[in-house]
Structures are given as C-alpha cells and as structure tokens.
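All of these numbers come straight from a predicted model, not from anything done at the bench. All heavy atoms count here, side chains included; hydrogens, waters and symmetry mates do not. Positions are given from 1 along the sequence.
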Amino acid sequence: MSTKHIPEIMAPAGDGNAFLAAVAAGADAVYVGLKHFSARMQAQNFSISELARLASLGRDRGTKTYVAMNTLVKPQDVESAGRLIDRLQKNVKPYALIVQDLAMLTLAKQAGFTGELHLSTLSNVTHPDGLAVARKLGASRVVLPRELNLDEVKLMAEACPKDLDLEIFVHGALCHCVSGRCYWSSYLGGKSGLRGRCVQPCRRLYTTGKDQPERLFSCSDLSLDVLTKPLLDMNRVVAWKIEGRKKGPHYVYYTVKAYQMLRDNPQDGAAKKTAMELLDQALGRPSSHSVFLPQRAFQPVQPKEETSSGRLIGEIRRDQKKLFFEPREQLEPGDLVRVGYEDQPGHRTLPIRRRVPKRGRIDIPFSKKQAGPPVPTGTKVFLVDRREPELMKQIKELERELDFFPAPEPKESTFTPTWPQAAPRKQSKSRARGGARPSTRSESVTLFRQPPTGRTWDRPAYWLERSVLGKVPSKIASRAQWWLPPVIWPGEDKKYRGLIKEAMRKGAREFVLNAPWQVGYFEDRPNATLTAGPFCNVANKLALDVLRGLGFSSAIINPELPFEDLQALSQNPPLPLGFVIKGLWPFGISRFLADSVPFDEAVKSPMNEVAFVRKYGQNNWIFPGWEVDLTKETRTLERLGYKTFVTMLEPWPRNVPRPKRTSEFNWRLKLL
C-alpha cells in the first residue's frame with residue numbers, strides 16, 4: 001500500500017522573530033538568508049552564530065533550515081562565498097543550500113558541504129529537458145518558476161528524474177519579470193536583482209499616451225490556496241514554498257497555518273474556509289491564482305486595483321494643519337502601519353503605541369524640519385504587520401528555549417577554492433565539440449530578428465525560430481550562430497528539439513544557448529558547437545568551468561557586469577569569452593502583461609524613462625528606449641583577450657521616439 005504524498009510547508013524568515021514564528025506554526029522547513037549572498041538583501045538576515053542557535057532549535061522541533069545563497073557570484077566573491085559555505089557546514093549544518101550561480105555547486109563540493117543543493121527559481125530551470133542537466137550537476141531539487149500553470153507543473157513532474165525533487169511557490173509576491181531574467185533595476189542604476197538589490201522599478205507608476213499614471217507592471221500576490229489540492233497527486237513536487245523574507249512573524253505564522261490546513265484536509269470544506277480566513281489575516285497584497293489554472297488564467301497585473309502590501313485601513317485626511325486617519329479596524333500596540341507607497345511623498349512606516357478603536361483617530365506626526373514633502377490628503381494607509389499577544393507569547397517561550405542551544409564556538413574558515421585550468425590557447429579538433437577551433441582573432445557578430453536584405457559584413461546570428469530558419473539559405477545557415485531564447489516554457493521542448501534538428505539539416509553548427517539547461521537538447525548531437533549566451537548570467541571562472549564540463553566551447557558575457565569584473569574574468573578563463581557590445585538589452589522578460597499596455601508604444605516612468613514592450617512567442621520583452629553602446633571599449637576588451645563582440649539588433653518601433661542617448665550600463669559602476 002503506497003503512503004500518502006505529504007509535501008513540506010516551507011516558511012520564509014528574514015529575522016529571528018519570523019524564524020521562531022515559523023517554528024511555532026509547525027513549519028516543516030524555514031528558508032533564510034545570511035548577511036551576504038542572499039537574493040533578499042533588504043531583509044535583516046542572519047549572522048552565522050544567530051542562525052546556528054535557531055537551526056538547532058528547529059532541528060529539535062522537527063523544522064529543517066535551508067540557507068539561500070542565491071545571488072550571482074562576481075569574480076572577487078568566489079573565495080568569500082566558499083568560506084561562508086565552509087563556516088555554514090561547521091557551525092550551522094543546514095539541511096540545504098538554495099543557489100542560483102553554477103559556481104555555488106562547485107564551491108559546495110569543494111568545501112565538503114554535506115546537505116542538499118537546491119537550484120533557485122533565479123537559475124531559470126523552466127523546461128522539462130533541463131531537469132536531467134540539473135541533476136547531472138548535483139542538484140537535489142529545482143525550484144519551479146512562478147509563471148507555470150498546473151498543466152506545465154505536471155509536465156515538469158512527469159519529466160523529473162527519480163532522484164530529483166521539485167518545489168513550487170504557493171503564496172507571496174510575484175515579480176513582473178521571470179526570475180533570473182530581470183535587469184530593470186540594474187539597468188537604471190547598478191542595483192542588480194541577480195545580486196539581491198532590486199529596487200522594484202516595476203512597482204512604480206507608468207503612463208501610456210495621455211492616460212493617467214498607473215502601476216502598469218505591478219503584480220498582485222500569488223495565492224494558490226484551494227488550488228493546491230491537485231499538487232498532492234504529484235509525488236515529485238515535495239515542497240510548497242511561501243514567499244516573504246521581508247515579512248514579519250504575523251505573516252509567517254498565518255500563512256504556514258493556512259497551507260497546513262489546505263494540505264492536511266483537502267476534502268474538508270470547513271478547513272478550507274478557515275484557511276482562507278487565516279490567509280486574509282496574513283496582511284499580504286491583494287492576491288490571485290495568477291495563471292495557475294490554464295482554463296481560467298487570471299491577469300495578475302490589474303493597474304486600476306490596489307497592489308500595495310498590507311491591508312487597506314484608511315486614508316489621510318486634514319484637520320486644519322493636522323494630518324490624521326481613522327482606522328477601519330481596531331489597532332493594537334506593536335502594529336505597524338505604512339502611509340502611502342514608497343514612491344509617494346511623505347511615505348513612512350509608523351509603529352502603533354496604544355490601542356486605537358475602529359474609527360478612532362491617529363495623528364500623523366509631521367514638522368517643517370522633517371525632510372521631504374508632507375503627506376497629501378487621500379494617501380492610503382495600510383496595516384502591514386501585527387504583534388498579537390498570543391503569537392508574541394509563543395515567540396517569547398521559544399526564545400527562552402534558545403538558551404538550551406548556545407552558539408557554538410566560532411569556527412573560522414581557511415577554505416581556498418581550487419581554480420579551474422585556463423582554456424588552452426589553441427585547442428585541437430579532437431578536444432573541441434563539433435571540431436571547432438577557437439580563433440586567435442576577434443570577430444564581430446550581429447544578431448538579427450529577421451534576415452537582413454543586402455550584404456552583411458559581420459558574422460550573422462539569428463534567433464532560432466521557424467519563421468527565420470525558412471528564409472536563411474543553407475550557405476549562410478552553416479556559418480551563422482543560432483540563438484535559443486532566454487526562456488523556454490514546458491510545452492516548448494518538442495518545438496525547439498525540432499528546430500535544432502531542422503537547422504542542423506541546413507548545415508547549422510554553432511548554437512548559442514541562453515540557459516545552461518538547454519544543453520539537454522544536444523545530448524544526441526555531438527557535432528554541434530555550443531556557446532553559452534549572455535542570458536546564462538555567467539560572472540566567475542568556476543561557473544565557466546561548469547559550462548565547459550557540460551560541453552560548451554565559449555561563453556558570451558552579458559553587459560550587466562562592470563569593467564572590473566570583465567577584467568577579472570579575462571585572467572586565464574576556462575573558456576574563450578565574448579561580450580554584448582551594443583544593442584537593445586532588455587529590462588526584462590515577462591509572461592505577464594496588463595491589458596492596457598500596448599505593444600511597440602512608448603511607456604514612460606515618473607523620471608521620463610521610456611520603455612516599450614514586444615511579444616516574441618510566449619514571452620513579453622520589455623526594452624528600454626535607449627541602447628547599450630560600449631563599442632568604444634572594444635579595443636580595451638580585445639587587449640584583455642575577449643574574442644567575440646555581439647550587436648543585438650532590434651527593429652525600432654515606429655511610435656517610440658528615437659533616443660538622444662545611449663547607456664554604458666554598469667561599465668563604470670560597482671555592481672551592488
């Protein structure tokens with residue numbers, strides 16, 4: 001008789017109180033970040049000694065601790081990342097690490113980490129053929145994208161190798177862009193989402209035409225709630241994940257309790273009703289099922305609806321010179337309220353010091369000496385966190401239990417990574433996949449959406465789509481690069497396998513893959529030459545070495561990295577390197593788009609930054625209204641040894657004004 005499949009409930013924790021709230025709620029696992037290498041650097045996060053005590057308490061209570069080290073690892077970060085893993089192993093012994101960067105897989109092995117390795121949703125494992133590649137690299141679990149519908153989750157589960165597990169988000173914030181495919185915050189000022197520093201430009205107000213500003217890219221939260229029942233039949237989906245490492249203990253406790261009820265009582269209508277009431281108390285943003293039900297997909301971007309976190313409890317009013325609001329429900333001491341959005345004048349978070357009855361009065365402190373403009377009347381006020389006496393009592397009791405788990409004597413790390421061998425300057429035909437011999441000279445490549453008319457001087461490259469492949473003569477197909485898209489969804493495996501086969505029949509040999517997992521399409525095609533494309537987000541030599549082990553013969557670095565990182569990468573790299581030197585690099589790639597956002601039309605931010613959206617296949621590409629142009633740095637990169645220089649051409653929309661500027665991206669910045 002088979003045992004019932006019981007997925008674990010994974011709770012987020014950004015500080016000690018949230019961790020203890022997860023334990024109090026009976027969470028099966030808690031995932032946390034450290035002070036470094038966490039994709040939620042705005043959360044308080046943990047020190048090693050604090051986490052060691054909490055993890056010991058968790059083990060005693062049956063709660064696993066997972067540590068997210070899921071940022072991009074820059075060249076100068078490799079040694080410190082390895083030492084941190086070593087210290088975690090010695091002091092904390094977490095059940096698993098959650099990682100984005102391929103280097104972390106290597107560092108964990110070198111440091112002797114004994115726990116599991118989970119690939120973050122930032123790793124962008126989005127299609128079934130990639131799962132076997134993830135397992136080959138040592139991953140125990142893959143975190144699925146939040147954009148998948150139920151049928152696509154089934155496809156991933158059916159294709160999942162028997163010794164690999166899947167994890168799915170069931171609740172929490174949705175990003176507008178696909179995880180690992182968002183450069184918006186980075187492009188506008190060096191604060192990279194891949195490094196946990198996103199300033200959420202998608203949450204801001206945007207305008208199209210003469211319309212009023214709206215939050216055109218701000219998603220409601222995801223809440224699968226009662227739709228989790230079908231997941232119980234998918235044995236490979238072993239974890240239900242709640243997003244929210246910047247949330248307080250109140251949110252953590254109530255969401256964990258709600259999803260426990262939904263998991264443990266799938267047939268009980270009363271339990272479902274109670275679970276929904278608990279979720280309503282959790283103080284998240286307004287939520288939806290998003291696209292999870294394929295036959296009833298919901299657009300998670302509703303510009304005319306409220307998408308702020310917390311529960312709306314009032315609006316700012318003015319009484320002579322005083323600003324105040326009257327809450328729609330009773331407030332308790334310790335509650336936190338937020339006035340307005342982050343991009344609105346007078347935005348702030350206020351702690352409630354005393355009990356305030358429903359329709360009571362709370363004055364908003366403001367003085368002329370205070371920086372910034374006053375709060376406008378009509379500004380909305382949200383309840384964002386609570387400090388309920390009963391929950392705080394449970395947390396205090398667990399804090400007393402922590403005394404039985406003293407911090408271990410700190411064990412420092414002397415870990416030094418083993419660096420990969422540099423790529424040989426001249427590679428024999430027997431060593432290079434497909435017989436390719438890397439050239440000692442640099443080459444220029446122009447990437448087209450459609451074959452150009454007339455002669456081209458650079459080497460041509462094309463996005464691999466049937467509409468393009470049919471127009472390119474065999475003579476040109478054989479010398480061109482063929483680029484796979486940055487995101488391939490579960491139902492598209494068959495399509496791209498077929499296109500690769502068709503391209504190779506026309507003589508195509510070199511393919512640029514924009515996720516490492518796309519190498520799964522080439523297991524039976526030894527004559528193909530594989531280049532890691534710029535959307536692979538490679539930023540260090542250990543990641544390059546992993547790609548070399550997968551059969552890649554070169555790598556194109558994306559233009560997000562500043563010069564100092566490109567310089568460090570060029571010192572004895574394991575693979576020959578290229579660089580995107582010019583063109584329209586996207587803000588991000590999304591599966592969502594508000595109905596009111598037109599294609600190929602100017603969309604403007606409050607800072608008058610222009611963007612436009614274009615659809616290719618199932619993906620919406622959000623482009624800035626001005627190009628990256630680093631062509632004047634070509635000679636500098638050539639001297640460093642970079643071999644390939646890519647220009648990404650994108651047809652300019654007729655209704656978007658031509659820019660008077662270009663971008664150096666982060667060339668002169670320190671990427672945070």
Side-chain angles (χ1 to χ4, degrees), residues 14-15 17-18 42-44 173 199-207 211-218 220-221 244 246-251 253-254 280-287 302-392 604-608:
D15 61 24
N17 277 344
Q42 298 94 332
Q44 184 176 322
V199 296
Q200 297 187 319
C202 58
R203 298 283 184 196
R204 300 191 308 195
L205 291 161
Y206 289 84
T207 55
D211 295 338
Q212 288 296 310
E214 293 182 322
R215 300 193 186 276
L216 297 176
F217 302 101
S218 185
S220 60
D221 275 9
K246 291 163 66 179
K247 300 284 191 180
H250 174 95
Y251 169 90
Y253 185 87
Y254 278 96
D280 188 51
Q281 293 181 58
L283 305 178
R285 284 186 187 85
S287 63
Q302 299 289 329
K304 296 189 186 304
E305 294 184 10
E306 199 59 62
T307 59
S308 179
S309 60
R311 184 157 63 235
L312 180 65
I313 56 165
E315 292 185 359
I316 297 297
R317 296 164 62 187
R318 184 181 292 274
D319 176 6
Q320 295 179 347
K321 292 187 178 180
K322 288 190 175 180
L323 297 170
F324 70 98
F325 74 95
E326 297 175 344
R328 298 176 183 178
E329 60 185 86
Q330 182 167 297
L331 299 179
E332 303 291 341
D335 287 352
L336 283 177
V337 299
R338 195 186 67 249
V339 179
Y341 289 87
E342 288 183 6
D343 58 358
Q344 287 182 321
H347 163 80
R348 71 197 66 185
T349 301
L350 300 173
I352 301 300
R353 307 292 187 191
R354 58 182 174 81
R355 180 175 285 108
V356 181
K358 181 179 179 180
R359 296 300 175 196
R361 174 171 169 143
I362 299 177
D363 290 324
I364 303 296
F366 185 84
S367 69
K368 290 183 178 179
K369 296 180 181 178
Q370 193 167 326
V375 184
T377 56
T379 298
K380 292 175 179 176
V381 182
F382 303 91
L383 176 63
V384 294
D385 198 12
R386 307 216 81 152
R387 293 291 186 269
E388 290 155 324
E390 182 56 38
L391 175 56
M392 297 315 292
K604 291 186 179 180
S605 78
M607 303 293 290
N608 215 32

- Message: To the closest 0.5 Å, what do you measure between CG (Leu323) and OG1 (Thr377)?
- Response: 8.0 Å
- Measure across Thr207 and Pro213 and return the closest heavy-atom pair with its distance rounded to 0.1 Å. CG2-CA, 3.3 Å
- Output, in order, the C-alpha distance, side-chain angles, deciding distance and verdict of side chain to side chain contact (heavy atoms under 4.5 Å, CB included) for Lys358 and Glu326. CA-CA 7 Å; Lys358 181 179 179 180; Glu326 297 175 344; over 6 Å; no
- Message: Show the nearest heavy-atom pair for residues Arg318 and Phe324, with the distance to one decimal.
- Response: C-CE2, 3.9 Å
- Message: Which heavy atom of Ala18 sits nearest to which heavy atom of Lys247, and what is that distance?
- Response: CB-O, 4.3 Å
- Note on the structure: Rounded to the nearest 0.5 angstrom, the CG-CZ distance for Leu331 and Arg353 is 13.5 Å
- Query: Does some side-chain heavy atom of Leu205 sit less than 4.5 Å from a side-chain heavy atom of Arg215?
  - Reply: yes
- Query: Going by atom types alone, do Glu390 and Tyr253 pair a side-chain donor with an acceptor below 3.5 Å?
  - Reply: no
- Query: Do other residues, nucleotides or ligands put more than 12 heavy atoms under 6.0 Å from the CZ atom of Arg361?
  - Reply: yes
- Hey, does the side chain of Arg317 reach the backbone of Glu315 with a donor-acceptor pair shorter than 3.5 angstrom? no
- Query: Hey, are the side chains of Glu332 and Glu388 touching, using non-hydrogen atoms and a 4.5 Å cut-off?
  - Reply: no
- Query: How far does CG of Leu391 sit from CZ of Arg386, to the nearest 0.5 angstrom?
  - Reply: 12.0 Å
- Under a 4.5 Å cut-off applied to non-hydrogen side-chain atoms, are Pro345 and Pro376 in contact? yes
- Would you say the side chain of Ile352 lies within less than 4.5 Å of the side chain of Ile362, judging by non-hydrogen atoms? yes
- Closest heavy-atom contact between Gly360 and Pro327? O-CD, 3.3 Å
- Is Thr379 close to Phe325 at the side-chain level, that is, under 4.5 Å between some pair of heavy atoms? no
- Matching residue for Glu214 among Arg203, Lys304, Lys604 - test: salt bridge (charged side-chain N to carboxylate O under 4.0 Å, His left out): Lys304
- Quick one: does Arg311's side chain have a donor or acceptor within less than 3.5 Å of a partner on Asp280's backbone? yes
- Query: Got Ser218 and Tyr206 here, is their nearest side-chain heavy-atom distance under 4.5 Å?
  - Reply: no
- Message: When you compare the side chain of Leu350 with that of Val381, does any pair of heavy atoms fall below 4.5 Å?
- Response: no
- Atom of Ala173, atom of Asp221 and distance for their closest heavy-atom approach: CA-OD1, 3.3 Å
- Message: Donor-acceptor pair, distance only, cut-off 3.5 Å: does the side chain of His250 make one with the backbone of Val384?
- Response: no
- Note on the structure: Interatomic distance, CD1@Ile313 vs CD@Gln330, rounded to 0.5 Å, equals 12.0 Å
- Message: Quick one, Arg348 and Val375 - any side-chain contact, counting heavy atoms below 4.5 Å?
- Response: yes
